[in-house]
Amino acid sequence: MMDRPRIGVIIPAYNEEATVGEVVEAARDSRLIDDVVVVDDGSSDDTGQVAAAAGARVVAEGHRGKGQSLLAGARATDADILVLLDADLIGLRSDHVARLIRTVADGDAAMALGLFDRGPRLNWLFLRVLPRLTGERALRRDLLLSLDPVDARGYRIEAALNSYVAQRGGKVRAFVLDGMFHRTKEEKENIPLVGFARKVGMLSVAMWEYFAYRLRRLD
Ligand SMILES: O=c1ccn([C@@H]2O[C@H](COP(=O)(O)OP(=O)(O)O)[C@@H](O)[C@H]2O)c(=O)[nH]1
Ligand SMILES: O=C(O)[C@@H](COP(=O)(O)O)O[C@H]1O[C@H](CO)[C@@H](O)[C@H](O)[C@H]1O
């Protein structure tokens, strides 16, 4: 019988003590997981302690940005397939994680994308019309590590992966993870306007790179 692929979960986390524990627990509840790595990206709160208490392996090497943290997590495991999860998710369930894994493990797609549940109207828009920049995805570890680290920096990594996989003819399967959403930046910041400004900054980078990557080939 062929050995089954080893499955690793990589969770980049920057000051996510409020939610990282539940995300780790949802990942560990899925019997398919061999390794859960939280990359503490220089948090000033108890993110690392909360993640370790929930049963994750914690990698902490200072603050680098989201994309660089995901790559550090991918290098810290020998899993064949990786599930990438944000640390600020609310309502994540083990069956959500299992669906992401099975989509790739069963050969149905090279990359699976799990989108927030924003309600029927917005779900259609985010699934069918808008760039699918979700942080919840599954793909082979060697595919992620073959992306040029320059293209993986910060918030551009999702846009880069979308183009990188598409340019290689890889199939992408996207679906809504019912009932799942996240703590928004407005909720994370003491001053909601600061959170909104951070969100605009993040989306500006992601959207700029999304269109830039569509215009050039990623090696
Ligand atoms: O410099 C950063 C910025 C973000 N993140 C993590 O990347 C994920 C998504 O980031 P964010 O929450 O800023 O994006 P949003 O969820 O608002 O789209 C979260 O787990 C963050 O903790 C990180 O590890 N380092
Ligand atoms: O899901 C999305 O379309 C965007 C924006 O979601 P919100 O407007 O913050 O609810 O959030 C994603 O964008 C970032 C940049 O690509 C990713 O890093 C985040 O993980 C992802 O949540």
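We count ligands from 1, going down the list as the structure has it; atoms in each ligand are counted the same way. Hydrogens, waters and symmetry mates play no part in the numbers below; they use all other heavy atoms, side chains included.
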Evaluate the ring planes of Phe116 and His182, with Trp represented by its six-membered ring, and classify them as parallel (under 30°), tilted (30 to 60°) or perpendicular (over 60°).
parallel
Side-chain ion pair, [X] and [Y], N-O less than 4.0 Å:
X      : Y      : value
Asp151 : Arg216 : yes
Arg4   : Asp34  : yes
Asp80  : Arg6   : no
Asp35  : Arg57  : yes

So which protein heavy atom does [atom] come closest to, and at what separation?
atom                    : result
atom 6 (C) of ligand 1  : Pro12 O, 3.6 Å
atom 4 (C) of ligand 2  : Leu203 CD2, 4.0 Å
atom 12 (O) of ligand 1 : Lys188 NZ, 2.7 Å
atom 4 (C) of ligand 1  : Tyr155 OH, 3.6 Å
atom 19 (C) of ligand 1 : Glu16 OE2, 3.5 Å
atom 10 (O) of ligand 2 : His182 NE2, 3.1 Å
atom 11 (O) of ligand 2 : Met202 CE, 4.2 Å
atom 17 (O) of ligand 1 : Lys185 NZ, 2.6 Å

Which one holds for Lys66 and ligand 2: side chain close, backbone close, both close, or neither close, with close meaning a heavy atom under 4.0 Å?
side chain
For ligand 2, is any non-hydrogen atom under 4.0 Å from Arg118's backbone (N, CA, C, O), its side chain (CB onward), both, or neither?
side chain
Cation over ring, Arg118 on Phe126, under 6.0 Å and within 45°?
yes
Under 4.0 Å, heavy atoms only, figure out whether ligand 1 is touched by the backbone of [X], its side chain, both or neither.
X      : answer
His63  : side chain
Lys199 : neither
Asp41  : side chain
Lys66  : both
Ala87  : both

Using a 4.0 Å cutoff against the non-hydrogen atoms of [X], which atoms of ligand 2 qualify?
X      : result
Lys199 : 8 (O), 9 (O)
Phe116 : 1 (O), 22 (O)
Gly135 : 20 (O), 21 (C)

Check: Asp86 main-chain N/O paired with Glu136 side-chain donor or acceptor under 3.5 Å:
yes
Ignoring hydrogens and geometry, is there a side-chain-to-backbone donor-acceptor pair from Thr19 to Ala87 under 3.5 Å?
yes
Below the 3.5 angstrom mark, is there an N/O of Leu133, backbone or side chain, next to an N/O of ligand 2?
yes
Please check whether Thr134 reaches ligand 2 - meaning an N/O of the residue sits under 3.5 Å from an N/O of the ligand, judged on distance alone.
no
Report yes if some N/O of Arg198 lies less than 3.5 Å from some N/O of ligand 1; otherwise report no.
no
Heteroatom proximity flag, Ser69 to ligand 1, N/O under 3.5 Å:
no
So which of Gly73, Gly201, Ala13, Ala72 gets nearest to atom 24 (O) of ligand 1, if we judge by its closest heavy atom?
Ala13
Does Asp86 have a heavy atom less than 4.0 Å from any atom of ligand 2?
yes
